Colleague: 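The following block contains the structure, expressed as structure tokens.
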Amino acid sequence: MSDPDLEAMAADELKRALDLSWRQLKKITPWGDDFEGVSPSGRNVVVERAYVWASEPDGDILCEVRVFVNAALYDQGALATAVIPRVG
């Protein structure tokens, strides 16, 4: 079952996560973090963001953003992903 509130926040956070270029991200990949935030409807949520190699080091970078209410509901959270293609 999808949650439009969490999906909207995941999509918005993914846009922000994609502000960095492949060259900038290459220096820190693999990397991830999480932080507490407030969803568009006002719920307290956890936002987890990760940059990992899509298939091999120095190749494309997979960016994943997951938004969930708490650890017990992690699997019911929203997931948004995008691939940042390798350049140069």
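Numbers here are sequence positions counted from 1. Values reported hereafter were calculated over all heavy atoms of this structure, with side chains retained and with hydrogens, waters and symmetry mates removed. Not measured: the values here are computed from a predicted model.
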Colleague: Which label fits Trp31 and Tyr51: parallel for a plane angle under 30°, tilted from 30 to 60°, or perpendicular past 60°?
Modeller: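 The arrangement is parallel - the two ring planes meet at less than 30°.
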
Colleague: State plainly whether one hydrophobic cluster holds both Leu62 and Val87, where clusters connect Ile, Leu, Val, Met, Phe, Trp and Tyr through side-chain heavy atoms under 4.5 angstrom apart.
Modeller: no

Colleague: Could you check Glu36 against Asn44 for side-chain contact (heavy atoms from CB on, under 4.5 Å), going step by step and ending with a plain yes or no?
Modeller: CA-CA 7 Å; Glu36 294 182 6; Asn44 292 328; over 6 Å; no

Colleague: Any sub-3.5 Å donor-acceptor pair from Arg86's side-chain atoms to Trp22's backbone N or O?
Modeller: no

Colleague: To check you understand the geometry: which heavy-atom pair defines the closest contact between Glu7 and Ser2, and what is its length?
Modeller: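 Answer, listing the atom of Glu7 first, then Ser2: OE2-CB, 2.7 Å.
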
Colleague: Quick check on the hydrophobic clustering: are Val52 and Val83 connected, directly or via other members, by side-chain heavy-atom contacts under 4.5 Å?
Modeller: yes

Colleague: Taking the side chain from Gln76 and the backbone from Leu73, do they hold a donor-acceptor pair closer than 3.5 Å?
Modeller: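 Such a contact is absent between Gln76 side chain and Leu73 backbone.
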
Colleague: Please determine whether residues Phe68 and Val38 belong to a single hydrophobic cluster, defined as Ile, Leu, Val, Met, Phe, Trp and Tyr linked transitively by side-chain heavy-atom distances below 4.5 Å.
Modeller: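 As far as the 4.5 Å side-chain criterion goes, Val38 and Phe68 are not connected within one cluster.
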
Colleague: Under 4.5 Å between any side-chain heavy atoms of Ser55 and Asp60, yes or no?
Modeller: no

Colleague: OG/Ser39 to CG/Asp3 distance, rounded to the nearest 0.5 angstrom?
Modeller: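 Spacing of OG (Ser39) from CG (Asp3) equals 8.0 Å.
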
Colleague: What distance do Cys63 atom SG and Glu13 atom CD have between them, rounded to the nearest 0.5 Å?
Modeller: 10.5 Å

Colleague: Restricting to non-hydrogen atoms, name the atom on Val65 and the atom on Ala17 that form the minimum distance, rounded to 0.1 Å.
Modeller: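 Residues Val65 and Ala17, closest heavy atoms: CG2-CB, 4.3 Å.
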
Colleague: Give the cluster check for Val46 versus Leu6: same hydrophobic cluster or not, with ILVMFWY residues linked at side-chain heavy-atom distances below 4.5 Å.
Modeller: no

Colleague: Would a hydrophobic clustering, with Ile, Leu, Val, Met, Phe, Trp and Tyr connected at side-chain separations under 4.5 Å, put Leu14 with Leu25?
Modeller: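 Looking at the clustering, Leu25 is in the same group as Leu14.
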
Colleague: Over all heavy atoms of both residues, which pair between Ile61 and Lys26 is shortest? Give the atoms and the distance, please.
Modeller: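 Answer, listing the atom of Ile61 first, then Lys26: CD1-N, 4.0 Å.
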
Colleague: Roughly how far, to the nearest 0.5 Å, is CD1 of Ile84 from CZ of Arg23?
Modeller: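 That separation rounds to 13.5 Å.
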
Colleague: Return yes if some donor-acceptor pair links the side-chain N/O of Asp34 with the main-chain N/O of Val47 below 3.5 Å, else return no.
Modeller: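 Pair absent, no side-chain N/O of Asp34 close to backbone of Val47.
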
Colleague: Say whether, by atom type as modelled, one donor and one acceptor occur between the side chain of Asp5 and the main chain of Ser41 under 3.5 angstrom.
Modeller: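 Side chain of Asp5 to backbone of Ser41, a donor-acceptor pair under 3.5 Å: yes, one is there.
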
Colleague: Looking at every heavy atom in both Glu56 and Trp53, which two are closest together, and how far apart are they?
Modeller: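 Closest approach of Glu56 to Trp53, heavy atoms only: O-CB, 3.6 Å.
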
Colleague: Between atom CG of Leu79 and atom OH of Tyr74, what is the distance when rounded to the nearest 0.5 Å?
Modeller: 7.5 Å

